[in-house]
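Shown next, in structure tokens, is the structure this report addresses.
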Amino acid sequence: MVGPILVFDSGVGGLSVANSLRQHYPDAAMCYACDNAWLPYGLRDDEALAERIVAVCQAAVDACQASVLVVACNTASTLALEGLRQTLSIPVIGTVPAIKPAALISQTRHIGLLATTATVNRPYTQSLVDDFASDCRVSKIAADALVTEAEAWLAGATLSEARLNQALLPLWQAMRATPALDTVVLGCTHFPLLKPVLASLAPISVQWVDSGDAIARRVGQVANILASGSSDGRCYTTAAADPLVDGFAQYGFQAPQRLILSGSEAVVYGAGRP
Ligand code: DGL
């Protein structure tokens, strides 16, 4: 069976990955799913989140009969890839912070990792640093506020430079350190959506690296890309997303449909959840 590529994130961040996929495979059938009921993932408890991610992805894969799942979320991938691969019968491609490519191009050997609190603190992230950037200074900076900014921006709000600068102050300071930081890993898929703004606010010019291209190449290696299909362009959310309809449309996705989790999961996740 050949179904669409399903791109999953907590919110709109995966649209940056969907964009890279469209550049590589302009005719590919693609669907999008996001767990906006639990957004942001970056500040949640690991155990509950790991179970939740599997439940939502399973429901979305079933809904669109996907042939490959792209977990377009660093926070989810550094936690739940193993569980997803055990549960789903289709290939699952994850997103990990692009520390390896950043270490390959940094001249000053000082790299910044801009990500969610969860990704910054995960052992998986530290193992990437140990394996691929052990000769670099790596400034890890949690910037969860950028997730909220990107979400609001895609829903039509104006970006607040003051709020962005406040969240990014530790990064701006690292850029002025010795040796100066010259490469920034955008370790959250929401952040490439803001890249032009981040570049315009930064006190110096640096290289911004994300995982979009690498993910797109990997999808081509493991999946048959379907040129079209009846589910192409479908978009699933776990909570209302009316203000995002135009934002999803800009990326080629239809007005979102509500994703229904199976009975027991709905009970588990519906009760007592913020
Ligand atoms: N877009 C997600 C990532 O790449 C995280 C956003 C969130 O905290 O929910 O990590």
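Both counts, for ligands and for their atoms, begin at 1 and track the order of listing.
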Determine whether the side chain, the backbone, both or neither of [X] has a heavy atom under 4.0 Å from any heavy atom of ligand 1.
X: N74; value: both
X: T95; value: neither
X: T189; value: both

Distance to 0.1 Å, residue and atom name: give those for the protein heavy atom nearest to [atom].
atom: atom 7 (C) of ligand 1; value: Y41 N, 3.2 Å
atom: atom 6 (C) of ligand 1; value: S10 OG, 3.4 Å
atom: atom 10 (O) of ligand 1; value: T75 OG1, 2.5 Å

Lys/Arg N to Asp/Glu carboxylate O, R122 vs D46, below 4.0 Å: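 A salt bridge is present here (some side-chain N lies under 4.0 Å from a carboxylate O).
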Side chain to side chain, W208 and L198, heavy atoms closer than 4.5 Å: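 Yes. Closest side-chain heavy atoms under 4.5 Å.
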Check: V129 and D131 side chains under 4.5 Å, non-hydrogen atoms: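 D131 does not reach V129 side chain to side chain.
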OH/Y25: more than 12 non-hydrogen atoms of other groups inside 6.0 Å: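 Enclosed.
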Interfacing atoms of ligand 1 (cut-off 4.0 Å, heavy-atom, [X]):
X: D9; answer: 1 (N), 2 (C)
X: L39; answer: 9 (O)
X: T116; answer: 5 (C), 8 (O)

Scan side-chain atoms only and decide if [X] and [Y] contain a donor-acceptor pair under the 3.5 Å cut-off.
X: D182; Y: T108; answer: yes
X: D246; Y: Q250; answer: no
X: D35; Y: Y41; answer: yes

Check: Y32 ring centroid to Y236 ring centroid under 6.0 Å: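 No - the distance between ring centres of Y32 and Y236 does not fall below the 6.0 Å cut-off.
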Options C73, G14, P192, S16, ranked by nearest heavy atom to atom 2 (C) of ligand 1, top entry: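 Result: the heavy atom closest to atom 2 (C) of ligand 1 is in C73.
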Test of proximity, D144 against ligand 1: N or O pairs below 3.5 Å: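 There is no such contact.
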Heteroatom proximity flag, G42 to ligand 1, N/O under 3.5 Å: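 Yes; the residue has a nitrogen or oxygen that sits under 3.5 Å from a nitrogen or oxygen of the ligand.
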